[in-house]
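First the structure, in the form of structure tokens, and then the observations on it.
Here is the naming used below: chain letters follow the sequence lines, and residue numbers restart at 1 for every chain. Values below: all heavy atoms of this structure, side chains included; hydrogens, waters and symmetry mates excluded. Computed from a prediction, not measured in an experiment: that's the story for all the values here.
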Protein chains: 2
Amino acid sequence: MTATAAERAAMAHALEVARRGPRGLNPQVGAVILSPSGEMLADGWHRGSGTPHAEVDALSKLAPEQLRGATAVVTLEPCNHTGRTGPCAQALIDAGVARVVYALDDPGVVSGGGAERMRAAGIDVESGEQADAAEALIGDWLTVQRLGRPHVTVKWAQSLDGRAAAADGSSQWITGPEARADVHRRRAAADAIVVGTGTVLADDPALTARDGDALLPHQPIPVVIGSRTTPADAAVRRHPHAPLFYSGHELDAVLAELRERGVQRVFVEGGPTLASAFVAAGLADQVLAYVAPVLLGGPRLALTDIGVTSIDEAHRLVVDEWLPLGPDLLAIARPLTSGENTSRNEGDA
Amino acid sequence: MTATAAERAAMAHALEVARRGPRGLNPQVGAVILSPSGEMLADGWHRGSGTPHAEVDALSKLAPEQLRGATAVVTLEPCNHTGRTGPCAQALIDAGVARVVYALDDPGVVSGGGAERMRAAGIDVESGEQADAAEALIGDWLTVQRLGRPHVTVKWAQSLDGRAAAADGSSQWITGPEARADVHRRRAAADAIVVGTGTVLADDPALTARDGDALLPHQPIPVVIGSRTTPADAAVRRHPHAPLFYSGHELDAVLAELRERGVQRVFVEGGPTLASAFVAAGLADQVLAYVAPVLLGGPRLALTDIGVTSIDEAHRLVVDEWLPLGPDLLAIARPLTSGENTSRNEGDA
């Protein structure tokens, strides 16, 4: 048996109310309670860590007699563990709900298993309804669950020969306006933008996401890593979000802290030392290399050392797109996984 | 007045016989003599330095009475100077030719002016007939005249981050088979392939142009630059052409000597020191950078120092094509000339 027309409409509504909740540490989830005849009785959504889950929010709006035999439609599998709230699967069982329709399985090791518990209690459980739409909504949160940390994009601009600047440090501008506008659009899709203190001291970046002079609606939180002090008049201190400062270089710890703050997507903007550290640690889920048709030579490399001694240890990438941006080229790449073909056979020179 | 049908046919034939001559220091030129009624009386072509020019070769096949009032059809403007042969323009005047049709103007400062001399002597002179076909035939020679030296392509393979090898020197293979096959095709279009002794000692390249294991029909002459000795058993010594060795690093002098040997197109294959020297000297008319989706970091750079201190001195390029080759990308580029727009405006980070 698949979802009824009333359940499909309820799921679309549940996805809509889910968006009212905050993006962050917890997923955005929505729920709708239907009467046995398919009438919409109540909706609910999750308002963030420490508040009731969406199902419980919806249940709480109804009298016990309305719930018996009802159908619950939820965008994510009802959870099975007792955190700051009790397990939602048990709440639905206790309420006497007859049927549960949800979109996505809960990927959590701790929180998963709700469907199983409800089926064991005799509830008719249906999964997968509008799963694609639900995944589009909380895909970044799911990625965080899978990785165990925020998703990391490492971005840099370089000359064709791999330099970030000329020998004297001058670098404005290696890439053109099309490439720089693209960077701003991608900054706006991140929750946090990370730089090293070296970059703050050298370039004094604003770390805002802009369209021309105008700020884009979503601004990533600026994060500065390094032991040197950020000057009181640094541009980053005038960012719409108060900057976060981490004096250590333990990237895992920084990412864990950012995750706890609800950061799902991290955009690492440099400089070379920080970018190299993320790549060397295997923490670059995406690489964005903006390549300008310029030759610079000299010592100022876009990547420094990434722990590769022999060609067999190379960080091989899959370039999903070589995207021309005016005279420049953006390589949109991700790490090659062991199962993928490298297309590098034998040969000789 | 433009060329007659008989003259057009004669030019096509002249271009055909021109190809019988050798490619090299002198251009490939063909000539045809037509009777006043448009009958083809004789053809001729240039067989290389020190031999008669095409017009003189054709004239020599006919009796003086056949030449009076005849039309000469030549693929290149008859020359106006006395070198190892007399000026062809004067030979045509002396022969009593009534009309001359040629394809391309002679670009030479010394040899040009033939058309003017002939017109002054009362000959009807027509230029530009099938100029495109003639330019396709001797374009490389024309480029050599314009540059005053052979055309230079500087090629290298690099990781995305600009390295030619891993820290331990291993580099087989950074790029994939599609990129390597492309290199062989382009080698076959060159007259000489240039490497430094460092590359010979490190990689022992064959420097042949191959399709798989088979040698391609045209093989560039291998040229080794540097003071170190090439081992007796080096692969380059088994090349179909005897290698040329230059112990100095004066690139202008090397190119001048190669020009004297009839080399029109030079393919510089490395390593980093030699490639950087050509770029730094402004001698790279074309850059071919084969970029692999690999990150290596470390000290082995595809380009070392190219004399750039500040961003204003950057060697800016025009990339005519970003050509995907399997997983790799070939940047086909040439120096940006001062008149071209760089599309790099103001902005801020």
Side-chain angles (χ1 to χ4, degrees), chain A residues 158-163 165-168 170-178 180 203 205-206 276 279-280 287 289 291 293-298 301-319 322 324 326-327 329 331 333 336 342-349, chain B residues 158-163 165-168 170-178 180 203 205-206 276 279-280 287 289 291 293-298 301-319 322 324 326-327 329 331 333 336 342-349:
Chain A
Q158 65 167 68
S159 61
L160 178 56
D161 60 329
R163 269 65 173 190
D168 67 357
S170 55
S171 65
Q172 291 182 351
W173 297 99
I174 290 179
T175 52
E178 297 90 342
R180 297 201 300 276
D203 300 341
S276 302
V279 170
V287 165
V291 181
V294 174
L295 300 176
L296 287 173
L301 297 157
L303 284 191
T304 55
D305 191 78
I306 55 171
V308 173
T309 301
S310 170
I311 192 75
D312 303 326
E313 304 161 9
H315 289 257
R316 297 208 176 265
L317 306 173
V318 175
V319 175
W322 300 100
L329 187 80
L336 180 80
T342 66
S343 179
R344 270 170 193 76
N345 306 336
E346 295 195 359
D348 55 349
Chain B
Q158 64 167 68
S159 61
L160 179 56
D161 60 328
R163 269 65 172 190
D168 68 357
S170 56
S171 66
Q172 292 183 350
W173 296 101
I174 290 179
T175 52
E178 296 90 343
R180 298 201 301 276
D203 301 340
S276 302
V279 170
V287 165
V291 181
V294 175
L295 301 176
L296 287 172
L301 297 157
L303 283 189
T304 55
D305 190 80
I306 55 172
V308 173
T309 301
S310 171
I311 193 75
D312 303 326
E313 303 161 9
H315 289 257
R316 296 208 176 264
L317 305 173
V318 175
V319 175
W322 299 102
L329 187 81
L336 180 79
T342 66
S343 179
R344 270 170 193 78
N345 307 336
E346 293 193 2
D348 56 347

*asked:* Please give me the minimum heavy-atom distance between Pro293(B) and Val319(A), naming the atom from each residue.
replied: CB-CG2, 3.5 Å
*Report the option among Ser310(A), Ala166(A), Ala302(A) that has the most heavy-atom pairs separated by less than 4.5 Å from atoms of chain B.*
Ser310(A)
*Against chain B, work out which of Val291(A), Val287(A), Leu296(A) has the most heavy-atom pairs shorter than 4.5 Å and name it.*
Leu296(A)
*With a 4.5 angstrom heavy-atom cut-off, could you sort out which part of Thr309(A) is near chain B: side chain, backbone, both or neither?*
both
_Quick one: does any side-chain atom of Gln158(B) pair with a main-chain N or O of Leu303(B) as donor and acceptor, under 3.5 Å?_
no
*What part of Thr304(B) lies closer than 4.5 angstrom to a heavy atom of chain A: side chain, backbone, both or neither?*
backbone
*asked:* With side-chain contact (heavy atoms from CB on, under 4.5 Å) as the criterion, how do Thr175(B) and Arg180(B) come out once you've worked through the C-alpha distance, each side chain's angles and the decisive distance to 0.1 Å?
replied: CA-CA 7 Å; Thr175(B) 52; Arg180(B) 298 201 301 276; 3.9 Å; yes
_Is there a side-chain contact (heavy atoms from CB on, under 4.5 Å) between Val294(B) and Leu317(A)? Walk through the geometry before answering._
CA-CA 6 Å; Val294(B) 175; Leu317(A) 306 173; over 6 Å; no
*When Asp305(A), Val279(A), Leu301(A) are compared by non-hydrogen pairs under 4.5 Å with chain B, the top option*: Leu301(A)
*Could you tell me which portion of Ser276(B) (side chain, backbone, both or neither) has an atom closer than 4.5 angstrom to a non-hydrogen atom of chain A?*
neither
*Using non-hydrogen atoms only, which part of Ala333(A) is less than 4.5 Å away from chain B: side chain, backbone, both, or neither?*
neither
_Closest contact, heavy atoms only, Ile311(B) versus Arg316(B)_ = CG1-NH2, 4.1 Å
*asked:* Heavy-atom pairs under 4.5 Å with chain B - which of Gly162(A), Ala314(A), Ser170(A) has more of them than the others?
replied: Ser170(A)
_Which atoms of Ala331(A) are under 4.5 Å from chain B, going by heavy atoms: the side chain, the backbone, both sets, or neither?_
side chain
*asked:* Looking at every heavy atom in both Ile174(B) and Ser159(B), which two are closest together, and how far apart are they?
replied: CG2-N, 4.0 Å
*Mark yes or no for whether Arg163(A), through its side chain, and Leu295(A), through its backbone, hold a donor-acceptor pair below 3.5 Å.*
no
